Amino acid sequence: MAKNYDFKTIEKKWQEKWEETGVFHAKQDFTLPKYYCLVEFPYPSGQGLHVGHPRSYTALDIIARKKRLEGYNVLYPMGWDAFGLPTENYAIKNHIHPEIVTRDNVAHFKQQLQSLGFSFDWSREVNTTDPSYYKWTQWIFLQLFKNGLAYKKEMAVNWCTSCKCVLANEEVVNGVCERCGSEVIRKVKSQWMLKITEYAQRLVDDLDSLNFIERVKLQQRNWIGRSTGAEVDFTSTCGDKITVYTTRPDTLFGATYMVFAPEHPYVEQWIKEGRLTNVDEVRAYQEASARKSDFERSEVNKDKTGVRLQGVAAINPVNDAEIPIFISDYVLISYGTGAIMAVPAHDTRDWEFANAFGLPMIEVVQGGDIEKEAFTDCATGVMVNSGFLTGLSVEDAKVKITEWLTEQGKGHQKVNFKLRDWVFSRQRYWGEPIPLVYCEKCGWVPLEESELPLRLPEVDSYEPTDDGESPLAKMTDWVNTTCPHCGGPAKRETDTMPQWAGSSWYFLRYCDPHNDEALASKEALAYWTPVDWYNGGMEHTTLHLLYSRFWHKFRYDIGVVPTAEPYQKRTSHGMILGENGEKMSKSRGNVVNPDEIVNDYGADTMRLYEMFIGDFEKAAPWNSASIKGCKRFLDRAWGLQDILTDGDAYRPELDSLMHKTIKKVTGDIDALKANTAIAAMMTLLNKFYELGSVNKAELKTFLLILNPFAPHLTEEMWSVLAFGGTVTDQKWPTYDEAKCKDDEIEIVIQINGKIRAKLTVAADIEAADAIAQAKQNERIAAELDGKNIIKELYVKGKLVNIVAK
RNA sequence: GCGGGUAUGGCGGAAUUGGCAGACGCGCCGGAUUUAGGAUCCGGUAUCUCCGAUGUGCAGGUUCAAGUCCUGUUACCCGCACCA
């Protein structure tokens with residue numbers, strides 16, 4: 001009898017051996033076929049690893065290990081996205097430098113990851129807080145700045161009252177801070193912005209060429225929010241040109257009023273020019289809406305409010321009709337032109353507003369009942385009351401009116417995006433310093449590239465300030481510097497970059513992590529990029545994933561990288577929930593600690609369980625009891641040693657099952673269906689025990705296909721049984737398609753679609769024979785007695801169905 | 001409100017093209033072994049009025065045949081949310 005499998009000793013032994021031999025280091029040989037597997041590098045929080053992390057890491061570890069056995073030069077790296085607020089807050093609270101906190105957290109995370117036996121290439125570990133790393137983050141920022149894609153702007157931003165920091169639009173969820181859940185208010189501040197909107201079109205279009213799961217593509221498309229419509233120029237009664245954006249230019253004849261966002265510049269202008277007769281009322285409304293948070297402003301089912309601008313009206317270019325102008329906060333200054341033409345008969349919001357204010361409606365598309373609700377259907381309606389558009393379909397009318405507007409010089413087709421520019425500065429300490437200085441004479445001036453990295457200075461206090469200044473602002477020695485351009489006195493930018501900066505290019509650094517001359521060498525980038533398979537969380541779809549695609553496209557444009565897209569394939573894992581089906585959290589008390597699982601059951605069991613838990617893409621609740629099944633399976637696999645016999649070929653009775661299992665496991669790994677791959681291996685193992693033996697050829701194959709899932713146990717058995725070398729030296733087993741088919745199959749015989757008998761027949765039996773044999777069956781014959789056969793059919797390899805009355 | 005997804009035993013979940021629903025695992029029941037507990041091994045396990053019928057959220061439909069396709073509907077989850 002083999003001794004019990006001592007996972008603690010054996011797993012440690014192999015982990016040390018892998019580290020010692022560097023067997024998982026990507027090879028520097030650029031002639032080999034390559035495969036780049038990537039998982040999102042973690043933020044090394046003080047809490048340590050969450051059981052959710054290994055779900056993603058194990059899935060791609062399986063891919064990486066299999067690809068290596070298939071002969072690929074695999075890059076499967078790991079690193080640390082280590083800038084960020086929790087570290088800074090912990091540092092403030094405990095009076096420890098964030099660098100120390102980061103170092104300790106990284107050490108803990110690394111030890112935890114290594115205890116799970118992932119085949120990461122640790123020689124390429126990167127850390128975003130390392131000056132030799134953020135040197136290149138700063139370098140990329142400088143290129144953005146030099147190319148006009150970074151600009152500073154005074155604007156209303158999202159301000160987290162607890163983090164005391166600006167948030168990107170993407171970081172505000174339901175009006176509260178994505179990170180801490182505190183209230184987010186609007187604050188006017190001068191901010192660094194990145195022109196992601198300049199790439200909106202390409203970010204949408206290029207999705208088509210990528211192998212991303214559909215829900216990721218869809219979410220990015222919706223977030224970018226492209227719409228095609230027209231800009232139409234109205235005229236004010238005092239001669240100003242008022243441009244509005246609409247996706248329904250066909251309804252132009254139905255415009256009965258116009259609405260401006262309260263912040264629209266014409267309001268200010270007309271007040272100055274003394275054209276408005278109700279200035280007090282207008283001012284009051286402007287102030288009231290300015291006080292509201294974004295959240296209040298966007299609350300659903302809110303009654304429409306607004307104020308008419310008395311003294312000025314707009315003139316419709318298509319029929320010279322004079323229509324009133326209102327300001328209302330349902331029109332946003334940040335989208336389109338900040339002004340709309342209102343067509344209450346055919347737009348729900350305009351309909352509500354018109355009803356609240358008793359404004360007239362003109363039906364211009366027939367087909368609905370505008371007394372009851374706005375008729376917004378574009379597909380079925382016919383134009384009415386619309387001059388030269390009358391009688392056309394909506395689609396034709398759109399084309400015709402746009403042509404007309406263009407000819408008349410009163411408008412043109414226009415594409416708009418919901419995506420807004422990226423608010424890039426943060427008023428915090430623990431981030432990359434922005435390498436710019438402000439000179440009274442020269443304005444914003446970039447540091448010389450030779451000055452990079454611009455290191456974070458030591459500060460006395462990391463406390464954020466209530467006035468919205470970065471803690472760095474207090475470091476006058478650091479702030480006061482000289483202008484690289486004119487040599488005069490200048491001040492450094494004291495805001496830092498958001499956490500998304502370092503993660504927008506880390507996958508490039510892995511290709512060549514120790515390069516001093518460039519973010520990575522051209523040769524390494526040409527060989528390794530794009531990433532072949534990237535797995536990560538859905539929560540990053542409109543954050544990290546979108547930001548890094550934007551940065552990558554920019555780098556492509558300036559010739560730094562060889563591809564327009566960073567990631568060829570993107571998948572996303574479901575969350576692991578607590579045992580009660582709720583999200584794991586400290587406050588719910590349902591957190592599972594991965595260290596305990598590894599300690600009690602071993603890394604291989606943990607890996608196997610995380611893959612067996614369910615559909616990889618879906619959320620799955622943790623179940624402590626089920627882990628036992630995985631442990632049992634591995635113990636039984638270990639026990640195969642006791643029933644091992646000689647044999648260099650699969651035994652005939654197992655031949656077909658062996659080939660089928662290889663096929664199933666191979667296909668399922670590629671399709672990210674580890675759960676059914678494991679089920680197939682369990683079935684095979686059960687078969688070995690049922691037969692009471694396994695021969696060498698069979699066991700070798702079994703260990704090879706199990707290896708990516710349970711690398712420690714399989715290596716140990718391979719070694720103990722002296723199969724030669726290590727599993728990592730072997731080739732992934734192949735299967736013979738012909739042998740995956742059975743000679744004899746069982747088919748079902750149905751009468752009127754109900755199963756009445758089963759029959760074993762040759763796999764290649766002809767339909768007529770199958771039906772004939774079916775009818776000879778006693779039971780079938782009895783059932784058919786006295787009935788008329790209406791129809792007989794044979795589905796190859798499946799069933800015979802006889803329809804009879 | 002808009003967009004997307006999900007719904008299958010006591011539980012987690014299987015089921016390429018419509019073709020034996022419930023693979024695999026957990027749990028449970030029975031047995032063996034064991035001083036005992038645990039572990040292990042063997043057998044069983046959708047439901048019911050049990051030689052037959054019924055069963056994949058609910059109601060219809062198409063088909064020889066529906067978890068799978070179509071129409072309607074409910075519940076839950078995720079994303080967006082006055083984007084003109």
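Nothing here was measured: the structure is a model prediction, and the numbers come from that model. By convention in this document, chain letters (A, B, ...) are assigned in the order of the sequence lines, proteins followed by strands, and residues within each chain are numbered from 1.
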Tell me if the CD atom of A:E746 is crowded by more than 12 foreign heavy atoms within 6.0 Å. yes

Secondary-structure stems, RNA chain B, at least 3 Watson-Crick or G-U base pairs under 3.5 Å: B:1-7 with B:74-80, B:10-12 with B:24-26, B:27-32 with B:40-45, B:46-48 with B:52-54, B:57-61 with B:69-73

What is the glycosidic conformation of B:rC50: syn, defined as within 90° of 0, or anti? syn

Show your reasoning for whether ring pair (Phe, Tyr, Trp, His ring centres under 6.0 Å) applies to A:F326 and A:F353. CA-CA 10 Å; A:F326 290 79; A:F353 188 89; 5.3 Å; yes

Identify which nucleotide among B:rG3, B:rG13, B:rC82 has an atom closest to any side-chain atom of A:N222, counting heavy atoms from C-beta outward. B:rG3

Would you kindly give the CD1-to-P distance between A:I643 and B:rU40, to the nearest whole Å? 16 Å

Rounding to an integer number of angstrom, what distance separates B:rU34 and B:rC41 when you compare their C1' atoms? 12 Å

Could you tell me whether the side chain of A:K687 reaches within less than 4.5 Å of the side chain of A:V694, counting heavy atoms only? no

Could you tell me how far B:rA75 sits from B:rC58 if I compare only their P atoms? Round to whole Å. 15 Å

Provide, to the nearest angstrom, the distance between the CG atom belonging to A:N580 and the C1' atom belonging to B:rC77. 16 Å

Interatomic distance, A:Q220 CD vs B:rC80 C1' [rounded to whole Å]: 14 Å

Hey, does A:A619 reach any base, or is it just sugar-phosphate, or nothing, if we go heavy atoms under 4.0 Å? sugar-phosphate

With sequence neighbours left out, what residues match A:K754 under salt bridge (charged side-chain N to carboxylate O under 4.0 Å, His left out)? none

Give a yes/no answer on whether the side chain of A:Y335 brings an N or O atom under 4.0 Å of OP1 or OP2 in B:rA84. yes

Just the rounded figure in Å: distance from P of B:rU63 to CD1 of A:I790. 14 Å

Mapping A:K664 and A:K754 onto RNA chain B by nearest heavy atom, which one lands closer to the 5' end? A:K664

Quick check on B:rG18: syn or anti? Syn means the glycosidic torsion is within 90 degrees of zero. anti

Nearest-angstrom distance, P atom, B:rU16 to B:rA21: 15 Å

Salt bridge present between A:R221 and A:D208 (N-O < 4.0 angstrom): yes

Nearest-Å distance once atom P is located in both B:rU54 and B:rG67: 13 Å

In residues 672-679 of chain A, what donor-acceptor pairs under 3.5 Å come from side-chain atoms, sequence neighbours left out?
| from | atom 1 | to | atom 2 | distance (Å) |
| --- | --- | --- | --- | --- |
| A:T676 | OG1 | A:D668 | OD2 | 2.8 |
| A:T676 | OG1 | A:K673 | O | 3.1 |

Over all strands shown, is A:D635 touching base, sugar-phosphate only, or nothing at heavy-atom distances under 4.0 angstrom? nothing

Does NZ or CZ of A:R308 lie under 6.0 Å from the centre of the six-membered ring of A:F357, at an angle within 45° of the ring axis? no

Tell me the interatomic distance from A:F357, atom CZ, to B:rC82, atom P, rounded to whole angstroms. 18 Å

Which whole number of Å gives the distance between the P atom of B:rG10 and that of B:rG55? 16 Å

Quick one: list whatever passes salt bridge (charged side-chain N to carboxylate O under 4.0 Å, His left out) with A:D615, sequence neighbours left out. A:K618

Can you sort out the partners of A:F234 under ring pair (Phe, Tyr, Trp, His ring centres under 6.0 Å), two or more places apart, ordered by chain and number? none

Can you list everything that forms a ring pair (Phe, Tyr, Trp, His ring centres under 6.0 Å) with A:W223? Sequence neighbours excluded, please. none

Using the C1' atom in both, what is the distance from B:rU35 to B:rC26, to the nearest Å? 30 Å

When all nucleic acid strands are considered with a 4.0 Å heavy-atom cut-off, which category describes A:S227: base, sugar-phosphate, or nothing? sugar-phosphate

Sequence neighbours left out, what passes side chain to side chain contact (heavy atoms under 4.5 Å, CB included) with A:K241? Give chain and number order. A:D233, A:T243

How is A:R221 classified with respect to the nucleic acid when contacts are heavy atoms under 4.0 Å: base, sugar-phosphate, or nothing? nothing

What's the gap between B:rG27 and B:rC78 when it is taken at their C1' atoms, as a whole Å value? 31 Å

For A:D668 and B:rU16, give me the distance from atom CG to atom P, rounded to whole Å. 11 Å

Can you tell me which nucleotide in B:rA84, B:rU54, B:rC82 comes closest to the side chain of A:T246? B:rA84

Contacts of A:H540 meeting side-chain hydrogen bond (donor to acceptor under 3.5 Å, both in side chains) (sequence neighbours excluded), chain-then-number -> A:E40

Take the protein atom CZ of A:R756 and the nucleotide atom C1' of B:rA65, then report the distance between them rounded to whole Å. 14 Å

A:K673 side chain, from C-beta outward: closest of B:rA81, B:rA15, B:rG12: B:rA15

Listed partners of A:H264 passing ring pair (Phe, Tyr, Trp, His ring centres under 6.0 Å), at least two apart: A:F260, A:Y266

Can you give one letter per nucleotide of nucleotides 18-34 of chain B, 5' to 3': B if a protein heavy atom sits under 4.0 Å from the base, S if only from the sugar-phosphate, - if neither? -BBS-BBSSS-------

Holding to side-chain hydrogen bond (donor to acceptor under 3.5 Å, both in side chains), I want the full list of residues that pass it with A:T348, two or more places apart in sequence or in another chain. none

Rounded to whole angstrom, note down the P distance from B:rG12 over to B:rG19. 24 Å

Using a cutoff of under 3.5 Å, can you pull out all pairs of nitrogen or oxygen atoms linking the protein to nucleotides 4-6 of chain B, with atom names and distances?
none

Can you measure A:Q219 atom CD to B:rG79 atom P for me and round it to whole angstrom units? 8 Å

